[in-house]
Amino acid sequence: MMANPLYDTLFGQHHQSASVFLQLPDGDMLSYGAFLEMAAQYAGLLSDIGLTPGDRVAVQVGKSPQALALYAACVQAGLVFLPLNTAYTADEVAYFVENSGAGIMLCDERAKSSLSPIAARCGARLDTLNADGTGSFVQQAAAFPTMFDTVPRAETDIAALLYTSGTTGRSKGAMLSQGNLLSNAATLQREWRFTSKDVLLHALPIFHTHGLFVATNITLLAGGQMIFLPKFDLDQMIGDIPRATAMMGVPTFYTRLLSDTRFSKDLTAHMRLFVSGSAPLLAETHLRFEERTGHRILERYGMTETNMNTSNPYDGERRAGTVGFPLPDVELKITDSQTGATLPQGEIGQIEVRGPNVFQGYWQMPEKTAEELREDGFFITGDLGQIDADGYVSIVGRNKDLIISGGYNIYPKEIELLLDEQDGVLESAVIGVPHADFGESVVGVLVPKSDQKLDLEAIKTRISGSLARFKQPQKLVVLPELPRNTMGKVQKNALRAQFASAFH
Ligand code: MCA
Ligand code: AMP
């Protein structure tokens, strides 16, 4: 039995290793050994300030090696890592800190003045960590030893809390255990053939499953390297591809690369693997990519609550428009959303999954957990799917009201609640419509109270204080009333059809 399975497997094996872990944009190389020494100092500081195993560490900081070392430090000290999108406003962050009862919150210096009242109210300590690796946290950590006695943990202990918005508008913290993360990393490393020779081009954010767990855990397990970029930048990506062997991205990465003529067969000839996920990859993008480069993108399907569930095969046909087969240790079934009964092969229904990847429930929300996680271990994903005669799974729609823009999830309910509160607004409906760059983009439909004229600019300004920029409707439109069915339910399909060309 290992003392701390996640730490020992992902990180512990690399102690004192001089092998390169991160290649940084300024040309610097960070070895595994140096990375782990930094993490040990952070673990020392986190423990010294009184955090004990199971305590939550809320982190809203720019992407940097230091930010990633915080993840390692939390695992080593037995703390629960809680990463937050850097786009969230102080209002949004307040909810996460309060709901999780985080003992410490780390933020960029620039956010300190707006977050300190929140930290004070929630009884959380506040420290800074800037994207350039400076800040009060690192300053204090420098005084701590570069070795830390790893805190024992079990596979069932929670390693991370990742918030995912809900259809009711309230975010839920998905509790991911050490075993959840470990099992999925091991499966994906094997399925996608990652080895210590791999160099992964990493331009995803590290506050979500895709960039944090899928990309990073697999690299750590394999002992490979990452070209660690602060964000997606087309020129930088094209400049770095020659040094990489693999890339992971959301569909927007692929459409942007294809929009540039420098992205060619020659540039990518040496590449081993391109993976796409987090949002549907259009079959057309898959085919254009193959025409241009000769590579077939490997599409996979996952969720915050489950890590990865399915993947197209490494060897064998990667079928455009599908997300491939259930991973070896994942059971997947298509069920009737009313009765829960398994449907015959080929029929469309809700996707349910079970396996060692499936989370432990929502933080302090037993009722929400019971609604989505069945007693027999099957998790109701809210996605609608179909399995073809060869076993390939396709996602054909969603049973949940969700918009995915550039790989970020946006829950209409959260925005509607805010729009409904605005001056002169009777009611609202928020929909996602096709967008060439982001896949989907947000349109807010407003119905004014009788005789009122809405000031759309004033509304935009007011919601911008409380809602992350990527969630804000890119267009607000006014209708005299919302289309409803005979049951009184808003017909979002009709609205989506009406505004389908809003961004063309
Ligand atoms: C940025 N903006 C966006 C988005 N990103 N608007 C809508 N949707 C977005 N996704 C806005 C900014 O607010 C800003 O607005 C303007 O676009 C430019 O900002 P910038 O940061 O320069 O944007 P960008 O660099 O072009 O970013 C687009 C991006 C990025 C590269 C697609 O959003 C991204 O890296 N997405 C990946 C998300 C991801 O990792 N998802 C995985 C979730 P303004 O100019 O008006 O101020 S994990 C998951 O879903 C599951 C588990 C899974 O299966 O993986
Ligand atoms: P999140 O809540 O951020 O974990 O997002 C998970 C959701 O992203 C899933 O429930 C799907 O709706 C969607 N998703 C992830 N991967 C894919 C994919 N390859 N194709 C279509 N949808 C996807």
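When a ligand or atom number is given, it counts from 1 through the structure's own listing order.
When the heavy-atom distances from atom 54 (O) of ligand 1 to His210, Met248, Arg300 are ranked, the shortest goes to Arg300. Of the options Gly407, Ala203, Gly406, the smallest heavy-atom separation from atom 37 (C) of ligand 1 is shown by Gly406.
Distances from ligand 1 to the non-hydrogen atoms of Gln472 include no value under 4.0 Å. Ligand 1 has Pro205 within reach: a non-hydrogen atom of the residue lies less than 4.0 Å from it.
Residue Leu106 forms a side chain to side chain contact (heavy atoms under 4.5 Å, CB included) with just one option from Val57, Leu115, Leu82, Leu84, and that option is Val57.
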One pair to check against side-chain contact (heavy atoms from CB on, under 4.5 Å): Gln23 and Val199. What are the steps and the verdict? CA-CA 9 Å; Gln23 299 187 28; Val199 181; 3.7 Å; yes

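Under a 4.0 Å criterion applied to the non-hydrogen atoms of Met303, ligand 1 contributes the atoms 52 (C). Each of the atoms 54 (O) of ligand 1 lies under 4.0 Å from some heavy atom of Gly302. Taking every heavy atom of Ser405 and a limit of under 4.0 angstrom, the matching atoms of ligand 1 come to 7 (C), 8 (N), 9 (C), 10 (N). Which parts of ligand 1 touch Phe253 is read off a 4.0 Å heavy-atom cut-off, strictly below it: atoms 31 (C), 35 (O). Listed by number with element, the atoms of ligand 1 under 4.0 angstrom from any heavy atom of Leu204 are 40 (O).
Looking at ligand 1, you'll find an N or O of Ser278 within less than 3.5 Å of one of its N or O atoms. Between Lys231 and ligand 1, a contact under 3.5 Å exists for at least one N or O pair.
The protein does not reach atom 16 (C) of ligand 1 closely, with no heavy atom under 4.0 angstrom from it.
For ligand 2, the 4.0 Å heavy-atom shell takes in Ser278, Ala279, Pro280, Glu299, Arg300, Tyr301, Gly302, Met303, Thr304, Val323, Asp383, Ile395, Arg398, Lys400, Ile404, Asn409, ordered by chain and residue number.
Using a cutoff of 4.0 Å between basic side-chain nitrogens and carboxylate oxygens, Glu457 and Lys460 are scored as salt-bridged. At a threshold of 4.0 Å, the pair Lys471-Glu414 counts as salt-bridged, since one of the basic side-chain nitrogens sits closer than that to a carboxylate oxygen. With salt bridges taken as basic N to acidic carboxylate O contacts below 4.0 Å, one links Lys492 and Glu416.
Applying the ring-ring contact (aromatic ring centres under 6.0 Å, His included) definition to pairs two or more places apart or across chains, those involving residues 291-332 are Phe274-His295, Phe325-Tyr392.
Every residue two or more places apart in sequence or in another chain was checked for a side-chain hydrogen bond (donor to acceptor under 3.5 Å, both in side chains) with Glu421, and none qualifies. In this view, Arg374 and Glu352 satisfy the side-chain hydrogen bond (donor to acceptor under 3.5 Å, both in side chains) rule, not counting sequence neighbours.
Side chain to side chain, Gln360 and Asn180 meet the donor-acceptor criterion of an N or O pair below 3.5 Å.
The six-membered or imidazole ring of His208 lies near that of Tyr408, with a centre-to-centre distance under 6.0 Å.
Relative orientation of the Phe379 and Phe359 rings is perpendicular, given thresholds of 30° and 60° on the angle between their planes.
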